[in-house]
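For reference, the structure is listed below as structure tokens.
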Protein chains: 2
Amino acid sequence: MIGTAYIVDDDEAIRDALTWLFKSRMVASRAWHSAEAFLADWRNDLRGCLVLDVRMEGMSGLELFDFLSEQGSHMPVIFLSGHGDIPLAVAAVKKGAFDFVEKPFNDNELVDRVIQALAFDASRQVRRAGQASLDARIGQLTPREREVMARILDGKYNKVIADELNIAMRTVEVHRARIFEKMGVKSAVELAQLLSGRR
Amino acid sequence: MIGTAYIVDDDEAIRDALTWLFKSRMVASRAWHSAEAFLADWRNDLRGCLVLDVRMEGMSGLELFDFLSEQGSHMPVIFLSGHGDIPLAVAAVKKGAFDFVEKPFNDNELVDRVIQALAFDASRQVRRAGQASLDARIGQLTPREREVMARILDGKYNKVIADELNIAMRTVEVHRARIFEKMGVKSAVELAQLLSGRR
DNA sequence: TGCCGGGTTGCGGATATCCACAATGGCTGC
DNA sequence: GCAGCCATTGTGGATATCCGCAACCCGGCA
């Protein structure tokens, strides 16, 4: 299994129980006693899922979740709650929490959810990969090439682009060729497909 | 306000209270005593939102929600629940419910949520409109034109398309022109932009 | 000062696309 | 059977795109 379950709970008994539980099901895990302690070790490139206690001293699990979301993290989060607080659960899920589990929880079900979350994160990473390589390719375009590309994506003729940029058609052609080369496509249509949704 | 709040609850007191409440806030509403009764009047082109009791005799609110989803409905749904059942609430929200409110509910808050749901549905309808006109345009393409269009979107040259379909290049050109005309674009790139995401 | 990358341009030819005009064959419905 | 839609093809010319080859200008850098 790829990825680790990051446990944050102020109850040592729970931490120990979860750690042991995950170990028994071959799921890598690591535990912290507070959101603050966890954040000290946090890096945005970690792979896995979070298992957060909703209510904790200091920063709550929900606040931690919000904070990480703001930081651009999309790691799936499974909340553990000891209270039957529906508005809280609904709010968490609406904000994008992966799941919300009541204590006491069924051990097997929880691990199953965690494994689902890990798998989800793994597949998300795969999608990000293509995304990132695309960004990398866009990144190596020169400013001028980007100007030309924008106009190509508007479906404009080279002639029109040349007029708009006050340069010769031949120059546009050169840029166009370089853009296609750098972006790894061989036609404007492919370029449009590749960048559909972006911009 | 555009759209109606469709209430389904087997408790007459609740139905009356909600009807009166909505009326006082100028929100159009209509109420049914069961999911089955509601379905008898259901049409997929209704505008508004649903306010469903989770637990009812016969088909439950959750089942009704699932059924409507299967039927392709995307009308926002606000659940009302008299029980503090977190798994149920979480499951409903994960499936796309707009909200999940516990009874007894705060009148004003509920109406606010309903109004949010109505606004959400209204904006969704606007997006659907463009979508629908696009479908309509695709719909008036002949089968052959669709074959050609698929290949155009692959960035293939007319010559290649002609070979693949065993027809003359000229024929492909004709199809291509008709496709552009029917789809209301003037280049393959625009076509790709228009259809990005679909297919 | 010399090298290098980015932006620019010209020339000329091979390919492709865009289109008007014109026409044939098949199938469907009245 | 005729009208109408769809698919098909041809001719020929105007435009565009695609590219190799060659070259110039400029600013940053060793």
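Since the structure is predicted, the reported quantities are computational estimates derived from the model, not experimental observations. In what follows, every chain begins at residue 1, and chains take the letters A, B, ... in the order their sequences are listed.
Rounded to an integer number of Å, the gap from OH of B:Y157 to P of C:dC18 is 12 Å. Atom NZ of B:K159 is separated from atom P of C:dT17 by 10 Å (rounded to the nearest Å). In this structure, B:H175 atom NE2 and D:dC6 atom C1' are separated by 8 Å, rounded to whole Å. In this structure, A:K186 atom NZ and D:dC18 atom C1' are separated by 13 Å, rounded to whole Å. Atom C1' of nucleotide C:dA14 and atom CD of A:E173 are separated by 13 Å, given to the nearest angstrom. Rounded to whole Å, the distance from CD on A:E145 to P on C:dG7 is 6 Å. Here C:dA16 presents its P atom at 12 Å from CD1 of B:I161, a figure rounded to the nearest Å. Atom CZ of A:R176 and atom P of D:dT17 are 6 Å apart (whole Å).
Residue-level contact check: A:T142 touches the backbone only, with heavy atoms under 4.0 Å from sugar-phosphate atoms and none from bases.
For B:R144, taking side-chain heavy atoms from C-beta onward, the closest of the listed nucleotides C:dC18, D:dA7, D:dT9 is D:dA7.
Minimum heavy-atom separation, A:A89 to B:I86: CB-CG2, 4.1 Å. Here the closest heavy-atom approach between residue A:I161 and residue A:V148 is recorded as CD1-O, 4.3 Å.
For A:A177 and B:Q140, each mapped to the nucleotide of DNA chain D holding its nearest heavy atom, the one lying further toward the 5' end belongs to B:Q140.
DNA chain C is contacted by B:M169, B:R170 of residues 162-170 of chain B, taking any non-hydrogen atom closer than 4.0 Å. Contact check of residues 178-185 of chain B against DNA chain C (heavy atom, cut-off under 4.0 Å) returns no residues at all.
Salt-bridge annotation for B:R176 and B:E173: absent, with no side-chain N of the basic residue lying under 4.0 Å from a carboxylate O of the acidic one. Ion pairing between B:D10 and B:R55 fails under the 4.0 Å rule for side-chain N and carboxylate O. We find that B:D112 and B:R25 are joined by a salt bridge, their nearest charged nitrogen and carboxylate oxygen being less than 4.0 Å apart. A salt bridge between A:D11 and A:K103 is absent, with no side-chain N of the basic residue lying under 4.0 Å from a carboxylate O of the acidic one. Between A:D121 and A:R124 there is a salt bridge, since at least one side-chain N of the basic residue sits less than 4.0 Å from a carboxylate O of the acidic one.
In this model, the phosphate group of C:dT17 is approached by a side-chain N or O of B:N158 to a distance below 4.0 Å at OP1 or OP2.
Ring geometry, B:F79 versus B:F65: the interplanar angle exceeds 60°, so the pair is classed perpendicular (tilted spans 30 to 60°). Using cut-offs of 30° and 60° on the angle between ring planes, the pair B:F120 and B:F98 is tilted.
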